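These notes are about the structure you will find just below.
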Amino acid sequence: MDEFIKNDPKGDKLKKFYYQLQERFKDIQDDILGHVHNTGSAIMVMIEQLNKQSSTLQKSSVGHPDESFPPEELVNEVTEQLNDLMTHHNTQINHKLEAHNPILCCRYKLKYVIFCIVKNAIEAMQNVPSHNRKVDIRSERTSEHTIISIKDRGKGMSDIELKDIFVQKDQWNSLHQCANYMVELKGRIWAEANSDGPGCTFFITLRI
């Protein structure tokens with residue numbers, strides 16, 4: 001091969017071709033790395049903004065009195081705040097919210113809980129085919145409780161993970177804080193594996 005490149009005129013052309021090909025591959029690699037960097041930066045900015053929103057909700061609850069409001073109003077506010085994240089992950093949110101009488105509790109604490117659960121549901125489906133990235137939010141009322149359910153179609157969790165999910169502190173301490181807030185709201189929060197496929201459903205109950 002060395003003799004061919006040195007002595008044959010075609011060898012010089014072949015060498016120039018490989019050199020040009022190498023330069024082209026380098027340009028393509030630089031373009032890909034640039035796109036990866038820009039996308040990664042955009043995601044980190046989005047996550048930072050969402051975490052700031054979560055932190056703001058948490059701080060806003062301090063010293064805040066209970067308010068009377070319909071729970072479906074709160075769900076709509078949360079989904080509007082998470083619209084950019086839904087668009088980025090190509091996720092659809094389906095509402096089936098019954099009209100409820102107003103509930104009396106700390107609005108900001110309940111909003112923090114719903115915000116964190118919906119945000120986690122969206123992020124749990126990053127590796128799911130786009131046509132299956134759906135979050136179902138339902139609400140119903142019994143004689144004593146308002147029940148809000150948030151269902152994702154992610155990979156799901158084991159029974160042990162479901163049992164400990166609110167006890168062990170996650171990366172941003174959000175689910176652990178959700179459990180604390182629900183205790184303060186005299187309500188309950190838990191998660192169950194979906195019976196009709198992968199993923200899990202979070203349930204929030206509050207006394208009327």
Side-chain angles (χ1 to χ4, degrees), residues 47-86 91-125 134-152 154 157 161-194 199-208:
I47 290 174
E48 183 179 352
Q49 289 175 341
L50 290 172
N51 289 334
K52 284 181 179 178
Q53 287 179 338
S54 298
S55 178
T56 300
L57 288 173
Q58 186 173 346
K59 291 175 181 177
S60 298
S61 68
V62 178
H64 221 284
D66 288 349
E67 299 178 46
S68 179
F69 57 91
E72 62 270 20
E73 179 181 290
L74 212 55
V75 172
N76 290 329
E77 288 179 14
V78 167
T79 54
E80 185 176 340
Q81 282 186 312
L82 290 169
N83 184 64
D84 287 345
L85 186 67
M86 288 187 290
T91 302
Q92 177 183 346
I93 290 190
N94 300 318
H95 289 178
K96 189 176 180 181
L97 307 174
E98 294 184 5
H100 292 266
N101 290 333
I103 57 175
L104 181 65
C105 71
C106 177
R107 182 188 188 96
Y108 293 98
K109 289 180 182 178
L110 182 57
K111 187 172 183 178
Y112 177 91
V113 172
I114 296 173
F115 179 96
C116 290
I117 299 302
V118 176
K119 174 176 173 286
N120 286 348
I122 295 170
E123 294 174 341
M125 297 185 291
K134 298 176 182 177
V135 179
D136 296 327
I137 304 179
R138 304 284 185 265
S139 70
E140 59 181 295
R141 181 181 177 182
T142 68
S143 59
E144 296 183 347
H145 296 93
T146 288
I147 304 170
I148 300 171
S149 64
I150 301 165
K151 175 183 179 180
D152 68 59
M157 290 177 281
E161 289 173 322
L162 288 170
K163 181 181 178 181
D164 296 338
I165 190 171
F166 297 106
V167 178
Q168 297 180 354
K169 295 185 177 181
D170 56 285
Q171 184 176 358
W172 292 289
N173 196 26
S174 58
L175 295 179
H176 182 71
Q177 185 61 51
C178 286
N180 290 339
Y181 275 168
M182 290 308 300
V183 171
E184 294 174 16
L185 293 170
K186 297 180 174 59
R188 185 183 173 213
I189 185 170
W190 75 96
E192 297 178 2
N194 292 339
C200 60
T201 302
F202 286 77
F203 296 90
I204 300 166
T205 64
L206 288 163
R207 281 192 170 277
I208 297 173

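Not measured: the values here are computed from a predicted model.
Not counting sequence neighbours, the partners of Met86 by the side chain to side chain contact (heavy atoms under 4.5 Å, CB included) test are Asn83, Ile93, Ile122. Shown here are the salt bridge (Lys or Arg N to Asp or Glu O under 4.0 Å) partners of Glu73, two or more places apart in sequence or in another chain: Arg107. Not counting sequence neighbours, the partners of Leu104 by the side chain to side chain contact (heavy atoms under 4.5 Å, CB included) test are Asp66, Ser68. Contacts of Asn94 classified as side chain to side chain contact (heavy atoms under 4.5 Å, CB included), with partners at least two apart in sequence or in another chain: Gln92, Lys134, Asp136, Arg138. Thr201 pairs by the side chain to side chain donor-acceptor pair (under 3.5 Å) definition with Asn194, not counting sequence neighbours. Evaluation of the side chain to side chain donor-acceptor pair (under 3.5 Å) rule for Asn76 yields His95 as partners, not counting sequence neighbours.
Across Ile165 and Leu162, no two heavy atoms sit closer than the pair CG2-O, 3.4 Å. Taking both residues in full, the closest heavy atoms of Phe166 and Ala179 are given as CB-CB, 3.8 Å, listed atom of the first, atom of the second, then distance. Minimum interatomic distance between Leu97 and Glu72 (heavy atoms only, all atoms of both residues): CD1-CB, 3.7 Å.
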Pairs of donor and acceptor atoms involving the side chains of residues 184-191, under 3.5 Å and at least two apart or interchain, shall be tabulated with distances.
from: Glu184; atom 1: OE1; to: Lys109; atom 2: NZ; distance (Å): 2.5
from: Trp190; atom 1: NE1; to: Glu192; atom 2: OE2; distance (Å): 2.9

With a cut-off of 3.5 Å and sequence neighbours excluded, list every side-chain donor-acceptor pair involving residues 142-151.
from: Thr142; atom 1: OG1; to: Glu144; atom 2: N; distance (Å): 3.3
from: Thr142; atom 1: OG1; to: His145; atom 2: N; distance (Å): 2.9
from: Thr142; atom 1: OG1; to: His145; atom 2: O; distance (Å): 3.4
from: Lys151; atom 1: NZ; to: Asp196; atom 2: OD1; distance (Å): 3.2
from: Lys151; atom 1: NZ; to: Asp196; atom 2: OD2; distance (Å): 2.7

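Lys111 is not listed as a side-chain neighbour of Ile114, based on a closest heavy-atom distance of 4.5 Å or more. Contact of the Cys116 side chain with the Cys178 side chain is registered, since non-hydrogen atoms from C-beta on lie closer than 4.5 Å. For the pair Cys105/Phe69, a side-chain contact is recorded, criterion being any heavy-atom separation below 4.5 Å from C-beta on. Within the 4.5 Å cutoff, side-chain heavy atoms of Leu82 are placed close to those of Lys119. Using a 4.5 Å cut-off on side-chain heavy atoms (C-beta onward), Tyr108 and Tyr181 make no contact. For the pair Ile137 and Thr79, the minimum side-chain heavy-atom distance is below 4.5 Å.
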